[in-house]
Amino acid sequence: MKKGDIFEGKVIRTEFPNKGIIDIEGQKVIVKNALEGQVVRFSINKKRRDKVEGRLLEVIEPSPLEQPAACKHFGICGGCRYQNLSYEQQLDLKKRQVEELIEKNGLSFDIENIYGSPITEGYRNKMEFTFGDEEKDGPLALGMHKKNSFYDIVTLDDCRIVDPDFNVLLQAILKYFKEKGETYFHKIRHEGFLRHLVMRRSVKTGDILINLVTTTQSQLDESEFVNMILAQKIDGKVVGILHTLNDNLADVVQSDETKTLYGQDYFYEYLYNMRFKISPFSFFQTNTLGAEVLYDKVREYVGETKDKLIYDLYSGTGTIAQMLAPVASKVVGVEIVEEAVEAAKKNAVDNHLDNCEFIAGDVLKVVDNLTKKPDILVLDPPRDGIHPKALTKIINFNVDEMVYVSCKPTSLMRDLLVFREAGYEVKRCCLVDMFPGTVHVETVVLLSQQKPDDTIEIDLDLDELDATSAELKATYQEIKDYVLKEFGLKVSNLYISQIKRKCGIEVGENYNLPKTENPKVPQCPKEKEDAIKAALKYFAMI
């Protein structure tokens with residue numbers, strides 16, 4: 001197997017995020033965007049000693065799980081990957097992927113449930129579209145990047161995860177600039193005018209904010225552009241039209257200067273009978289109705305807040321902080337985006353909360369000045385998780401419990417390993433699907449500092465195995481191989497020995513237990529228990 005070789009194979013499972021796993025002559029190959037059950041053709045594009053990756057060329061046979069996708073852009077657009085699954089299948093797949101990450105990282109806790117989004121179409125309240133072309137030197141396009149492409153853009157006229165008003169406005173704006181003959185900003189030549197179109201919408205009011213992002217290499221007829229947008233027939237209401245100038249070479253939405261061409265540069269969204277001011281660059285959950293489900297779980301995990309000091313780190317526009325503030329003694333929010341902090345302060349005043357303090361700055365630096373120990377910590381970091389040095393400082397607060405909200409399970413697992421080393425264990429965990437049709441999922445965990453009384457004492461007398469028992473009918477490795485082949489699950493010696501005991505098979509009392517004092521032993525999940533029992537039946541051990 002070498003780079004450039006082409007193979008065919010069946011995807012045995014899908015790992016987070018959207019990695020199809022194929023076995024080729026005993027070698028594990030990762031093929032992105034391949035779905036379990038599919039038979040695919042792929043070429044090897046990366047090969048290292050411990051990792052082989054392939055590029056998907058063709059789906060030869062669809063998966064039994066697949067169904068027709070509602071969006072006509074599916075398969076071309078890189079925005080959504082799971083629209084060819086029923087929503088129930090999407091939720092099951094995301095839950096299983098996170099469970100596999102938990103086991104892969106040597107952690108042991110159960111996921112209570114995965115909670116779906118109240119709506120699965122038109123749920124996004126914000127979308128960043130990009131100007132470009134669908135093929136080299138082709139006509140102007142406006143939409144999302146093509147799947148697996150850094151340059152090509154797919155024009156979206158019927159995106160299913162945004163409100164229909166967005167599709168109407170996108171088409172009108174694209175037509176306007178086509179007729180003007182305007183060019184898009186070329187990433188290599190660094191030439192052109194049009195960069196991005198950002199639209200935000202209040203789900204509760206229908207108010208829409210439009211932000212056109214360009215370079216300074218041409219001029220916008222501001223009056224004509226505004227009149228064109230206001231002439232469009234939509235169900236909502238455009239309350240603000242902005243023009244952001246950005247000459248930075250990086251392909252990101254940022255502002256050298258932002259001008260308000262019409263109306264205002266904000267709108268209001270409502271959660272829990274509270275009002276939140278949303279400005280062009282402030283963070284707010286992109287699924288408003290899903291956010292209510294997420295924050296319900298955060299409130300439940302935080303528990304009693306009466307007369308307590310709460311630190312909300314990575315606070316955005318202060319949604320969680322203000323949700324917890326009404327009966328707390330004080331809530332302190334820390335956020336690096338200054339505009340979001342200003343909005344949070346204004347939101348707190350509007351919601352008649354006088355016990356909220358919001359600090360603009362990097363959590364890594366700000367926590368040094370937070371000298372008072374909080375009763376509760378809430379963490380809602382960006383996708384990459386918490387900076388390692390900030391993590392150490394957070395642990396030094398030595399709180400009994402904290403709630404961690406994560407939008408990237410792999411980052412969460414990395415941080416949880418650090419928390420575990422510091423004596424924290426996951427007490428509760430659930431998932432909330434904020435992004436139907438995509439590979440993403442939110443995780444909420446309640447971390448509890450373990451005290452000596454929280455551990456279980458186990459007598460570590462060394463006992464010999466009973467060689468006459470059913471134990472010897474199949475080795476642990478044979479049981480592992482059978483479970484992986486038949487169920488696609490990896491199981492440990494510890495889990496196998498636990499289920500053997502349940503089934504009355506003699507196992508040494510200390511077999512495969514940790515060799516530390518007062519170990520806390522993880523218990524085999526139900527799905528893996530059923531698979532191990534099936535293996536024991538297969539080998540005539542029960």
Side-chain angles (χ1 to χ4, degrees), residues 16-17 97-98 101-102 104-109 111 282-286 291 294-295 297-298 301-302 309-321 323-324 331-338 340-341 344 357-432 434-435 440-450:
F16 181 87
Q97 287 178 344
V98 179
L101 283 175
I102 293 169
K104 181 179 179 181
N105 283 275
L107 297 162
S108 179
F109 58 89
I111 297 173
S282 60
F283 172 79
F284 193 81
Q285 291 286 356
T286 53
L294 178 68
Y295 295 150
K297 300 311 297 182
V298 172
Y301 280 21
V302 166
L309 172 62
I310 303 170
Y311 286 171
D312 177 15
L313 307 183
Y314 312 96
S315 57
T317 52
T319 314
I320 293 177
M323 177 184 70
L324 300 175
V331 181
V332 179
V334 180
E335 169 59 45
I336 196 169
V337 180
E338 291 187 11
V341 172
E357 178 185 355
F358 294 98
I359 302 171
D362 189 339
V363 168
L364 175 60
K365 298 176 181 178
V366 173
V367 291
D368 291 332
N369 299 319
L370 299 176
T371 55
K372 191 169 183 181
K373 178 182 175 180
D375 298 297
I376 301 170
L377 269 176
V378 178
L379 311 169
D380 189 4
R383 291 185 59 77
D384 289 338
I386 303 172
H387 189 287
K389 291 182 179 179
L391 199 55
T392 300
K393 294 178 180 181
I394 289 168
I395 289 169
N396 287 340
F397 280 123
N398 198 33
V399 298
D400 290 336
E401 292 186 335
M402 63 182 85
V403 175
Y404 190 143
V405 183
S406 170
C407 58
K408 188 177 181 182
T410 48
S411 299
L412 173 66
M413 298 304 152
R414 180 200 67 212
D415 291 347
L416 288 182
L417 290 172
V418 179
F419 278 118
R420 185 177 68 176
E421 289 298 314
Y424 286 91
E425 293 291 342
V426 175
K427 190 174 181 181
R428 297 183 66 183
C429 173
C430 71
L431 308 179
V432 179
M434 302 277 285
F435 316 102
H440 307 294
V441 68
E442 294 269 346
T443 309
V444 185
V445 296
L446 172 61
L447 287 161
S448 178
Q449 192 176 46
Q450 297 302 291

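Residues V403 and I320 fail the side-chain proximity criterion, which asks for heavy atoms closer than 4.5 Å. The shortest side-chain heavy-atom distance between V332 and I359 falls under the 4.5 Å cut-off.
Annotation for P409 and V98: closest pair CG-CG2, 4.1 Å, computed over non-hydrogen atoms. For the residue pair N105 and L417, the shortest heavy atom distance occurs at O-CD2, 3.3 Å. In this structure, K372 and F397 approach most closely via the heavy-atom pair O-CE2, 4.4 Å. When all heavy atoms are compared, the tightest approach of E335 to G316 is OE1-N, 2.8 Å. When all heavy atoms of G318 and A344 are compared, the pair lying nearest together is N-CB, 4.0 Å. The two residues V399 and M402 make their nearest non-hydrogen contact at CG2-CE, 3.8 Å.
With a 6.0 Å radius and a threshold of 12 heavy atoms from other residues, nucleotides or ligands, E338 has its CD atom at or below the threshold. For NZ of K389, the number of neighbouring non-hydrogen atoms (other residues, nucleotides, ligands) closer than 6.0 Å is 12 at most.
Checking side-chain atoms of S411 against main-chain N and O of R383 turns up a donor-acceptor pair under 3.5 Å. Remark: the backbone N or O of L309 is paired with a side-chain donor or acceptor of D375 at under 3.5 angstrom. Judged by distance alone, the side chain of D415 and the main-chain N or O of I386 form a donor-acceptor pair under 3.5 Å. Without hydrogens or angle criteria, K393 side chain to L364 main chain gives a donor-acceptor distance under 3.5 Å. Judged by distance alone, with hydrogens and angles left aside, the side-chain atoms of Q449 form no donor-acceptor pair with the main-chain N or O of D400 at under 3.5 Å. Listed for the S406 side chain is a donor-acceptor partner under 3.5 Å among the backbone atoms of K408. One N or O on the side chain of Q450 and one on the backbone of S448 form a donor-acceptor pair closer than 3.5 Å.
Test L446, L447, V445 against K427 for side chain to side chain contact (heavy atoms under 4.5 Å, CB included) and you get one pass: L446.
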- [ ] Run the numbers on V444 and Y295 for side chain to side chain contact (heavy atoms under 4.5 Å, CB included), then give the verdict.
- [x] CA-CA 10 Å; V444 185; Y295 295 150; over 6 Å; no
- [ ] Could you please spell out the steps behind the side chain to side chain contact (heavy atoms under 4.5 Å, CB included) verdict for I376 and L324?
- [x] CA-CA 11 Å; I376 301 170; L324 300 175; 5.9 Å; no
TODO: Could you give me the CA-CA distance, side-chain angles and deciding distance for F109 and L416, then say whether side chain to side chain contact (heavy atoms under 4.5 Å, CB included) is met?
DONE: CA-CA 11 Å; F109 58 89; L416 288 182; 4.0 Å; yes
Task: side chain to side chain contact (heavy atoms under 4.5 Å, CB included) between V426 and F419, worked out - done: CA-CA 9 Å; V426 175; F419 278 118; over 6 Å; no
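Distance check: L431 CG to E442 CD gives 10.0 Å after rounding to the nearest 0.5 Å. Rounding to the nearest 0.5 Å gives a distance of 8.5 Å between CG of L412 and CG of L107. H440 NE2 to F16 CZ: the interatomic distance, rounded to the nearest 0.5 Å, is 7.0 Å. Separation of atoms CG (D312) and CG (D380) is listed at 7.5 Å; rounding is to 0.5 Å. Atoms CZ and CG, on R414 and L391 in that order, are 8.0 Å from each other to the nearest 0.5 Å. Remark: Y301 OH to Y404 OH distance equals 15.5 Å, nearest 0.5 Å.
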